[in-house]
Amino acid sequence: MNLTLKVWRQKNKEDKGGLVTYPVTGISEHASFLEMLDVLNEQLITQGIEPVAFDHDCREGICGMCSLYINGEAHGPDRKVTTCQLHMRMFKDGETVHIEPFRSKAFPVLKDLVVDRGSFDRIQQAGGFISVNTSGNTQDANALPIPKPMADKAMDAATCIGCGACVATCKNSSAMLFVAAKVSQYSYLPQGQVERKERVLNMVDQMDQEGFGNCTNTGACEVECPKGISLEFIARMNKEYLNASTSSEK
Amino acid sequence: MSKLDSKTPEGPIKDKWTKHKNDINLVNPANKRHIDIIVVGTGLAGGAAAASLAEMGYKVKAFAYQDSPRRAHSIAAQGGINAAKNYQNDGDSTYRLFYDTVKGGDYRAREANVYRLAEVSTNIIDQCVAQGVPFAREYGGLLDNRSFGGVLVSRTFYAKGQTGQQLLLGAYSAMNRQIGKGKITMYNRHEMMDIVKVDGKARGIIARNMITGEIEKHSAHAVVIASGGYGNVFFLSTNAMGSNASAAWKIHKKGAYFANPCYTQIHPTCVPRAGDFQSKLTLMSESLRNDGRIWVPKNMDDVMAIREGRKKPTDLGEDERDYYLERRYPAFGNLVPRDVASRAAKERCDAGYGVNATGEAVYLDFKSAINRYGNEKAHVLGLHNPGDAKILELGEGVIEEKYGNLFQMYEKIIDENPYKTPMMIYPAVHYTMGGIWCDYNLMTTIPGCYAAGEANFSDHGANRLGASALMQGLADGYFVLPYTIGDYLADDIRTGPIPTDSPEFNAAAKEVTDQLEKLINIKGTKSVDHFHKRLGEVMWNKVGMSRNAKGLIEAMDEIKQIREEFWKDVCVPGGMNELNPELEKATRVADFLELGELFAKDALAREESCGGHFREESVELDGEQKGEAKRNDKDFAYVAAWEYKGDPREAVMHKEELEFNDIELKQRSYK
């Protein structure tokens, strides 16, 4: 298939940037979206043009490195996939495809389609952990039975890959789904109880400091989340936050 | 040729590690604060090591080429992690895990290391559960297990098909806690370009800030390389696009011996390639072989009919299918080790029975498992006469719970529903058992430089069993390295900070800058990928699943040829002082072009078949094992550790003879 691409090009953080049009031809419908960009880049290199920079790594939908805002949707038109799992069969021959970086004040563009998601790491550093040292002498894993439904819920929340699609798609650039996933995972597990209140307060505080917007429950994040993280977790985090902030025992 | 000293402690195998921990030097907590450690790579081994070392009090600097430690490729491991917990009461024990791992590795691993791995395996599960890793559980709330290839017990712990992700996020959370405390300084989007030696000891690294292009000098009292494996030397593999051998190769060129480069695992269950544009291959977890049956049609007519779209696999009756693994290996069936399963698939496809257009695919069929689970579930629900449709529905539900994300992943790639029609799979490069040689303490032949996880060669011999990579990465990072590194650092408590304005650091930084300038200034006509793909083709065709002397000699020359062309004709657009993905690729491919040649040289020198290394000249000629790989313990029961001599083909081999005192060497039989 043949496509017309309109790709965001931006030299560096300071550059203003803009869309540049490139045609690509002979793309297989079995190729992934990133493989289509590989073909474009190969073409640009032979023409002496600097190739388009984009983030990607595992190319199997789990590392969370790839991003891209394609035709106005985070990770493009398919559901429950990352851009690397998006295949060209989702597009029509002759289509014009707009490719932009994830946009948010908290995700500054570094070059072309590459953004800085360091804000996510800093939120995790504020409380996304259970304080246990490596020792080899923690209690036997089976000494702490966890009801399967709770363990399964924790797992559902823990599947977040930290890609940032929730932020990119939210009209408020809110990171609530991302933060809620981590807060919820630990709140379901007995291991997470000790630091439960402190964790949610610290993580939400860091989220606010990073410049993410507030949540107005539009649910766009859930729709675009490649891992199908549920909006329920945001409700759970709000409950956790309320409990923690009204409690006298922190 | 010198003898390598593995520094394996004396005494009975089951006491070695305990005794060693009691004997080695310690660094007192007040002194740890004055000691810097650099960790390169933040996957399971590097992440676990960085977190543990920081918790102990060392000052840690961690480096990742990704934008966050959470993205290291350990995240993509699917199936599970082994531990000798014996929760299933099926007779598992430390010895049995040790035995299975040594046997699975075709008796080419160091016994003492493997025993230690089996010994600490149970601690890993305890540690990860304490961190909040949501492993799969049974209804009673206790941990669930599944089976993997090459073993007869259920010892694999898992978190759906995302075990690597959950374990890595556990290590990442432990790192975050230390980053927040300022005990770890994290350098994201930084690539190690070289190691710096001062007075023969590893004292730091040169790193490139991948955003600004700045060449940075970082010093430390010890350097840990946990940068993963080198599977991308094949271009197509299940590794991440950025996975590279450069850190390992750079220390090799500065004096670290590279061990057994030819031991590469070709994983049997990957999604087959679709065309020339293919950039990587996707693994379908080995855990699927618990429930999937592998087959090709018995008759060539059916093969042709399927390829031409006249028949569907579901049209074929049981008697028209060849379940070749069950036929050839009745004892282990579909759960034979990976190397055996891969070669059997290749054998069928080479004979013309491949089921897709490229002729390189076999079926992995879940029909029987869906029926079996459906019936069980109906029984549990008390349904009498549930009918076929209900059984199918219930069975598919069980399969979805076990492997849902893998099935979804498959469907997105191939555009076929694997619940309804069998999956197509084919072997692909997955893991490299070879790597940097290290002693029992995980120290390389450069004093103060350590290698952990897939980057080292230590525990898997010539073949790795499923669910053992996660075990080894975390064992090295959480439970081995943090102890053994203290033995070395105990001598460094009075050293003080290592200055970076020394001639050694300046020379190394200049060398790096010169190489980058050279690459940019070639201004040739072909892209980096062009050379990488050509290298991959030579590797796959001549140094892949089966190898012979003629092909290997040709491969060495062809790789050398490609390397010479690369340095004359590669085109690296953009500049040095900016984010430049093509420049990053170019430095990595330059190293693969050297490593590939050593790889072939090692394969040529090992004139036996063992594990993932299959030499066509060394097969059983008759008897029950006719056609199977033939190992030669008399001449080849050693580790081949190569010393760099200025050109990959000039490398000199040093042998570490392997001694087996606790396991009798036997031919692996899975019949």
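Values in this document were obtained by computation on a predicted structure and should not be read as measured data. Lettering of chains follows the sequences in order, A, B, ..., and the numbering in each one begins at 1.
- Heavy-atom pairs under 4.5 Å with chain A peak, among B:Asp67, B:Thr282, B:Thr238, B:Asn123, at B:Asp67.
- No side-chain donor-acceptor contact under 3.5 Å links B:Ser243 and B:Asn232.
- Residues A:Thr138 and B:Asp126 bring no donor and acceptor atom of their side chains to less than 3.5 Å of each other.
- Neither the backbone nor the side chain of B:Glu584 comes within contact range of chain A; no heavy atom of the residue lies under 4.5 Å from a heavy atom of that chain.
- Shown here is A:Glu232, whose CD atom has no more than 12 heavy atoms of other residues, nucleotides or ligands within 6.0 Å.
- Counting heavy-atom pairs closer than 4.5 Å to chain B, the top-ranked of the candidates A:Asp55, A:Ile130, A:Ile62 is A:Ile62.
- Heavy atoms closer than 4.5 Å to chain B are found in both the backbone and the side chain of A:Ile161.
- Only the backbone of A:Val115 comes within contact range of chain B, with heavy atoms under 4.5 Å apart.
- For B:Lys85, the part lying near chain A is the side chain, with the backbone staying farther off; criterion is any non-hydrogen pair under 4.5 Å.
- Heavy-atom pairs under 4.5 Å with chain A peak, among B:Asn239, B:Asn176, B:Leu283, at B:Asn176.
- To the nearest 0.5 Å, atoms NZ (B:Lys526) and OG1 (A:Thr46) are separated by 11.5 Å.
- Of the listed residues (B:Asp529, B:Ile179, B:Val528), the greatest number of heavy-atom pairs within a distance under 4.5 Å of chain A belongs to B:Ile179.
- Only the backbone of B:Leu281 comes within contact range of chain A, with at least one heavy atom under 4.5 Å from a heavy atom of that chain.
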Take B:Arg273 and B:Thr358, measure what side chain to side chain donor-acceptor pair (under 3.5 Å) needs, and give me the verdict at the end.
CA-CA 8 Å; B:Arg273 68 184 79 189; B:Thr358 63; over 6 Å; no

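- Using a 4.5 Å cut-off between heavy atoms, B:Phe479 contacts chain A through its side chain alone, with no backbone atom that close.
- Aromatic ring orientation, A:Phe54 versus A:His56: tilted (interplanar angle from 30° to 60°).
- Ranked by heavy-atom pairs shorter than 4.5 Å toward chain B, the options A:Lys11, A:Met155, A:Arg117, A:Gln85 are led by A:Met155.
- Residue A:Lys80 places its NZ atom among 12 or fewer non-hydrogen atoms of other residues, nucleotides or ligands, all under 6.0 Å distant.
- Between the B:His73 side chain and the B:Arg71 main chain, no donor and acceptor come within less than 3.5 Å of each other.
- Taking the charged nitrogens against the carboxylate oxygens, B:Lys160 and B:Glu401 have no contact shorter than 4.0 Å, which rules out a salt bridge.
- The contact between B:Gln127 and chain A is made by backbone and side chain atoms together, counting heavy-atom distances below 4.5 Å.
- Panel note: side chain B:Ser121, backbone B:Ala84; a donor-acceptor pair is recorded below 3.5 Å.
- A:Asp205 and A:Gln209 are linked by a side-chain donor-acceptor pair at a separation below 3.5 angstrom, with hydrogens and angles left out of the test.
- No part of A:Asn41 comes within reach of chain B, as not one of its non-hydrogen atoms sits under 4.5 angstrom from that chain.
- Residues B:Tyr172 and A:Asp121 have side chains that bring a donor and an acceptor to within less than 3.5 angstrom of each other.
- Listed options A:Gln139, A:His30, A:Glu35 were ranked by heavy-atom pairs under 4.5 angstrom with chain B; first place goes to A:Glu35.
- A salt bridge does not link B:Arg116 with B:Glu119: none of the charged nitrogens is closer than 4.0 Å to a carboxylate oxygen.
- Of all heavy-atom pairs spanning A:Asn2 and A:Thr25, the tightest one is OD1-CA, 3.2 Å.
- A donor-acceptor pair under 3.5 Å links the side-chain atoms of B:Asn244 to the main chain of B:Gly242, judged by distance alone.
- The aromatic rings of A:Phe102 and A:Phe107 lie parallel to each other, with less than 30° between the two planes, well short of the 60° mark.
- For B:Glu138, the part sitting under 4.5 Å from any heavy atom of chain A is the backbone (N, CA, C, O) and nothing else.
- Heavy atoms closer than 4.5 Å to chain B are found in the side chain of A:Asp156, but not in its backbone.
- Put simply, of A:Gly192, A:Pro147, A:Gly127, A:Cys160, the one with the most heavy-atom pairs under 4.5 Å next to chain B is A:Cys160.
- Interface residue A:Asp57: backbone and side-chain heavy atoms are both found under 4.5 Å from chain B.
- Looking only at heavy-atom pairs under 4.5 Å with chain A, the residue among B:Pro482, B:Gly574, B:Ala274 that has the most is B:Gly574.
- Below 30°, between 30° and 60°, or above 60°: for A:Phe33 and A:Phe91 the angle between ring planes is between 30° and 60°, a tilted geometry.
- Of the two parts of B:Phe157, neither the backbone nor the side chain holds a non-hydrogen atom closer than 4.5 Å to a non-hydrogen atom of chain A.
- Not a single donor-acceptor pair under 3.5 Å links the side chain of A:Asn133 to the backbone N or O of A:Ser135.
- Contacts between B:Leu142 and chain A at a heavy-atom distance below 4.5 Å involve backbone atoms as well as side-chain atoms.
- If you tally non-hydrogen atom pairs under 4.5 Å between each of B:Met241, B:Arg177, B:Lys412 and chain A, the highest count goes to B:Arg177.
- The contact between A:Leu189 and chain B is made entirely by side chain atoms (from C-beta outward), counting heavy-atom distances below 4.5 Å.
- Using a 4.5 Å heavy-atom cut-off against chain A, the contacting residues of residues 162-171 of chain B are B:Gln162, B:Gln165, B:Gln166, B:Leu169.
- With salt bridges taken as basic N to acidic carboxylate O contacts below 4.0 Å, one links A:Arg9 and A:Asp112.
- Interface residue B:Asn188: only side-chain heavy atoms are found under 4.5 Å from chain A.
- In this model, no donor atom of one side chain and acceptor atom of the other lie less than 3.5 Å apart for A:Ser32 and A:His87.
- Taking chain B as the reference chain and counting heavy-atom pairs below 4.5 Å, the highest number among A:Ala151, A:Ser131, A:Ala157 is found for A:Ser131.
- For a residue to count as touching a neighbouring chain, one of its non-hydrogen atoms must lie under 4.5 Å from one of that chain's; by this rule A:Arg122 does not touch chain B.
- When heavy atoms are compared at a cutoff of 4.5 Å, B:Asp276 does not approach chain A at all.
- Residue with the most contacts toward chain A among B:Ala51, B:Ala83, B:Gly275, B:Ala76: B:Ala76 (heavy-atom pairs, distance under 4.5 Å).
- For the set A:Gln191, A:Met36, A:Arg59, the entry with the most heavy-atom pairs within less than 4.5 Å of chain B is A:Arg59.
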